[in-house]
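Note that the structure is predicted; figures quoted are calculated from it, not measured.
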Amino acid sequence: MLRKFLALALAGAAASAAAQLVPDIHIDWKEAEAPPPPALRTRGLIPVEVVGTTLKFGVDPASITVGSDGVVRYVVVATSNTGAVNGIYEGLRCNTGEAKVYARHNPDTGWVPAKGEWRNVYGIAHTRYTLAIAKSGACKERAPNGTPAQIVQDLRAPADLRFERGGVIR
């Protein structure tokens, strides 16, 4: 009985020590206030390939920022095959794989704030474009891919030249 107790106590102590070594990505994180969305642009967008949709997606390179909170913020424009245009201003947390919509563009009234919550970008149909943006250059592993200029460079680069492979002009 004493052996079982000691074994359980040692296992509990080991688990507690291991938990202290692995940082919790949620501890002490505070989201910075998102700047207002920039004017919606439909020219000069960086195309983002999204499998399984007829919409065409593009990121406005001038809208990309990396906040002090580690959130990559940008405007993505979705265009239908009939020409309808939707603008979405969102943030991406590379370390957690979550995204949040800050505003949606209404053609009649401009940007309309959204009451978005952080949502997982993996395995959800309506976040496929966000995951594509993350994997195409916004995130490098579990962190923002450097500066906005670096993100733009990798978003524009062919897939085999992104990140440490040299990019377009590195």
Would you check if [X] and [Y] make a side-chain contact, meaning some heavy-atom pair closer than 4.5 Å?
X	Y	result
V152	T147	no
L92	V71	no
N81	K56	no
V85	P107	no
L40	V75	yes
V48	V50	yes
T127	L131	no

Any salt bridge between R93 and E31, counting N to O under 4.0 Å?
->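 Between E31 and R93 there is no salt bridge, as every charged N stays at least 4.0 Å from the carboxylate O atoms.
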Y74 and E90: side chain donor to acceptor below 3.5 Å |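 Per modelled atom types, Y74 and E90 side chains form a pair under 3.5 Å.
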Can a donor-acceptor pair be found between the side chains of Y89 and R73 at a distance below 3.5 Å?
->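 Looking only at side-chain atoms, R73 and Y89 do not form any donor-acceptor pair under 3.5 Å.
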Out of curiosity, [X] [atom1] to [Y] [atom2], how far, rounded to the nearest 0.5 Å?
X	Y	atom1	atom2	value
C139	N145	SG	CG	8.0 Å
K115	K100	NZ	NZ	12.5 Å
N95	E141	CG	CD	12.5 Å
L55	R128	CG	CZ	9.5 Å
T130	E98	OG1	CD	12.0 Å

Say whether, by atom type as modelled, one donor and one acceptor occur between the side chain of [X] and the main chain of [Y] under 3.5 angstrom.
X	Y	answer
S63	D60	yes
W118	G97	no
W111	N106	no
R142	C94	no
T79	G83	no

Under a 4.5 Å side-chain heavy-atom rule over Ile, Leu, Val, Met, Phe, Trp and Tyr, are V59 and F57 clustered together?
->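 Cluster IDs for V59 and F57 match.
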Single-linkage hydrophobic cluster, 4.5 Å side-chain cutoff, V76 and I46 together =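 They do share one cluster, since a chain of ILVMFWY contacts under 4.5 Å joins V76 to I46.
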Would you find more than 12 non-hydrogen atoms of other residues, nucleotides or ligands less than 6.0 Å from R104 atom CZ?
->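 For R104, atom CZ is not crowded (no more than 12 foreign heavy atoms under 6.0 Å).
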In sequence, state the C-alpha distance, the side-chain angles, and the governing distance for Y129 and I88, and then conclude on side chain to side chain contact (heavy atoms under 4.5 Å, CB included).
-> CA-CA 11 Å; Y129 72 89; I88 305 160; 3.6 Å; yes
